[in-house]
There are 2 protein chains.
Amino acid sequence: MPDHTPAPPPTLADVAERAGVSRQTVSNAINNPDLLRPETLTRVQDAIQVLGYRPNRAARHLRTRASHLIGLRMSPAQEFTANAAMDRFVHALVEASREAGYHLLLFSGGPGKPETTAADLVRGYDDLLRSTAVDAFIVTDTYLGNPQTRWLTDRRAPFVAFGRPWADADATHRWVDVDGAAGVALGVEHVIERGHERVAWIGWSDESFIGADRKAGWLRAMAAHGRSVDGLSVTVPDTVDAGREASAALLDAVHPTAIACASDTLAVGVLHTLAERGLQPGRDVAVVGFDDSQVAQVVPHGLTSVRQPLEQVAVALVRALESLLARDDYDGQGVLLAPTLAVRGSTAR
Amino acid sequence: MPDHTPAPPPTLADVAERAGVSRQTVSNAINNPDLLRPETLTRVQDAIQVLGYRPNRAARHLRTRASHLIGLRMSPAQEFTANAAMDRFVHALVEASREAGYHLLLFSGGPGKPETTAADLVRGYDDLLRSTAVDAFIVTDTYLGNPQTRWLTDRRAPFVAFGRPWADADATHRWVDVDGAAGVALGVEHVIERGHERVAWIGWSDESFIGADRKAGWLRAMAAHGRSVDGLSVTVPDTVDAGREASAALLDAVHPTAIACASDTLAVGVLHTLAERGLQPGRDVAVVGFDDSQVAQVVPHGLTSVRQPLEQVAVALVRALESLLARDDYDGQGVLLAPTLAVRGSTAR
DNA sequence: CTGAAAGCGCTAACAC
DNA sequence: GTGTTAGCGCTTTCAG
């Protein structure tokens with residue numbers, strides 16, 4: 001078995017000794033280089049270089065009360081939904097955080113597997129906060145009407161949300177979100193431009209704010225082109241089967257030439273229906289999904305889908321967090337980003 | 001703007017004062033409860049409860065030289081490949097770590113976007129190590145023949161690898177892996193049981209150890225049933241198109257009744273070919289994928305696929321890490337876990 | 001079983 | 001500009 005006793009990393013004192021200065025001067029060389037005479041600075045920097053010195057994070061954290069860690073809660077994986085986006089998001093966040101000098105600390109919910117009580121939901125946050133493990137949080141599941149943002153606000157915990165405070169008109173926290181309505185409108189405009197007359201909508205319940213938002217994009221684009229929406233809209237749960245059945249019913253009842261969906265999951269259901277009926281996506285019926293998931297990319301001919309700019313979202317979140325922690329004045333509470341449309345075969349003619 | 005100046009969390013001293021004991025006694029109540037007289041213990045615990053006290057991690061870390069953080073490198077997202085599994089893996093790891101009292105610290109590669117030099121590759125590890133930010137690492141991309149594990153070993157950094165040390169016979173580090181050969185054999189046995197005679201294989205280059213391993217499972221299962229493998233095997237890059245083309249060629253040349261693949265990506269390509277030819281997966285040609293990705297689940301009738309036991313992998317990794325950090329004697333260097341087969345429509349008759 | 005003293009590595013405040 | 005002093009909150013000796 002290998003010996004896992006690495007040589008203890010060099011400390012400030014080691015660098016100081018080597019450079020022939022005091023510990024404080026080394027500290028200044030790192031945190032306030034301007035204070036040093038250039039020649040001293042280079043001497044210290046050389047010593048740092050040679051020794052491969054990096055400040056001990058625990059010590060720095062203890063002294064400055066800043067861990068340079070951002071907490072992110074991983075909600076239990078939901079295998080069928082758009083957690084593909086979560087993966088892209090986490091990647092983007094790691095990258096954006098790194099550039100700002102932060103690392104991501106992942107944690108999960110309460111001890112019990114399924115999230116039940118509100119107390120369970122916030123336990124992870126509470127622990128990290130009380131033990132001063134993180135400087136701030138990035139909160140992602142604001143749509144559940146869950147108590148996290150409220151609780152964090154009351155707690156005066158620094159955090160930024162990915163997602164608008166839909167339900168809470170007097171929420172004061174900062175947020176970044178993607179304009180789902182604009183994204184769907186983009187997709188609907190796209191198929192209308194390609195000559196489609198009757199564009200149907202398969203979405204989620206209006207009780208879901210995100211669902212209502214996305215549907216609003218469809219309504220807006222249809223209205224902008226003077227299209228009627230009578231009987232063209234249907235509301236279902238977010239499953240492949242629901243998309244399959246809903247699209248079958250729509251095709252029988254109102255003969256749409258294009259169908260926009262609130263998710264790729266639903267859109268895949270539509271594709272199933274088309275395949276069953278020998279209809280070709282794009283040529284016969286256009287299909288637009290939402291989230292640009294892996295499925296959209298590998299489906300035959302590809303599925304046109306709204307793509308969230310998660311890289312931009314991550315950057316905006318980290319920027320908001322930085323200004324929050326620096327107590328900068330910050331113009332505006334929320335940032336709304338525009339998605340793009342990944343055009344593929346399902347809307348080709 | 002909300003005031004983000006939370007009340008400073010209570011310290012050991014606050015608890016001590018409230019409980020009428022010394023700071024040290026409170027520390028003992030937490031770390032060595034047996035040392036306290038029962039009545040003192042409850043008094044201290046009550047005070048902890050009332051104040052909502054949690055030990056300051058930075059202070060504890062500084063003193064004990066244990067951060068209770070595990071470093072995990074997020075390699076740049078590869079949108080088309082099996083990074084769906086990565087998401088599941090991270091979730092499982094967060095959960096397993098939490099149960100062991102650890103959190104996950106995410107970091108990324110060097111400053112440059114695409115990983116280039118070996119120095120870039122290990123920079124993230126080096127920084128974290130020198131700044132004593134993490135207690136250990138979990139290394140995932142061991143298959144690239146990349147220098148990480150070697151470098152970490154030389155550095156005497158505690159780490160556990162997800163993935164066998166394929167290329168390195170005298171590697172001494174601990175690892176956990178999934179028996180890809182056994183997984184593929186499971187799939188091949190399954191279709192053979194269902195009466196398929198000619199089971200073809202679409203895999204990756206043998207230079208990829210993982211590819212060779214998975215192919216070995218096919219060879220083994222075929223041999224076990226006295227099947228010839230002549231002309232039934234083909235090697236391609238891991239893309240949908242490659243799978244589509246390879247399967248078309250195989251169907252023309254050797255008329256397999258079943259095709260097993262090294263990945264879901266390749267299997268989806270096979271499904272495309274079947275669709276183009278009006279063949280029904282399962283009934284006409286059986287298809288088996290690998291990784292049980294989201295695609296396998298939403299494809300029409302579903303794709304039978306080998307599923308890695310990532311939850312078990314995560315638990316085993318954390319367990320290995322614990323024993324490593326505790327310097328326990330540990331039986332065996334590696335753990336090989338058996339995958340399962342998620343049976344769906346693509347192998348139904 | 002409990003308390004007192006020391007120090008982990010760093011930086012903020014002040015002297016020189 | 002540079003060095004000295006103190007202390008962040010905790011745990012590890014060592015006395016009592």
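All chains are named by letter (A, B, ...) in the order of the sequence lines, taking the proteins before the strands, and each is independently numbered beginning at 1.
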Residue pairs, two or more places apart or on separate chains, that pass ring-ring contact (aromatic ring centres under 6.0 Å, His included) and touch residues 55-75 of chain A: A:H68-A:Y102
Bend angle of the helix from C:dC1-D:dG16 to C:dC16-D:dG1, from helix axes over five pairs at each end, nearest 10°: 40°
Test salt bridge (charged side-chain N to carboxylate O under 4.0 Å, His left out) applied to A:D135 - qualifying residues, sequence neighbours left out: none
Contacts of B:E17 that satisfy side chain to side chain contact (heavy atoms under 4.5 Å, CB included) - sequence neighbours left out: none
Lys/Arg N to Asp/Glu carboxylate O, B:E322 vs B:R319, below 4.0 Å: no
Residues forming a salt bridge (charged side-chain N to carboxylate O under 4.0 Å, His left out) with B:D46, sequence neighbours excluded: none
Any residue meeting side chain to side chain donor-acceptor pair (under 3.5 Å) with B:S97, in chain and number order, not counting sequence neighbours: none
By ring pair (Phe, Tyr, Trp, His ring centres under 6.0 Å) - contacts of B:Y125 (at least two apart): B:F107, B:F137
Pairing residues for B:D14 by the side chain to side chain donor-acceptor pair (under 3.5 Å) criterion, not counting sequence neighbours: none
Base versus backbone protein contacts along nucleotides 7-16 of chain D [heavy-atom cut-off under 4.0 Å; B, S, -]: BBBBBB----
For B:R18, salt bridge (charged side-chain N to carboxylate O under 4.0 Å, His left out) partners two or more places apart: none
Touch class at under 4.0 angstrom, heavy-atom based, for B:T25 against every strand present: sugar-phosphate
Contacts of type salt bridge (charged side-chain N to carboxylate O under 4.0 Å, His left out), residue B:D154, not counting sequence neighbours: none
Span of DNA chain C, from the first to the last nucleotide whose atoms fall under 4.0 Å of chain A heavy atoms: C:dG9 to C:dA13
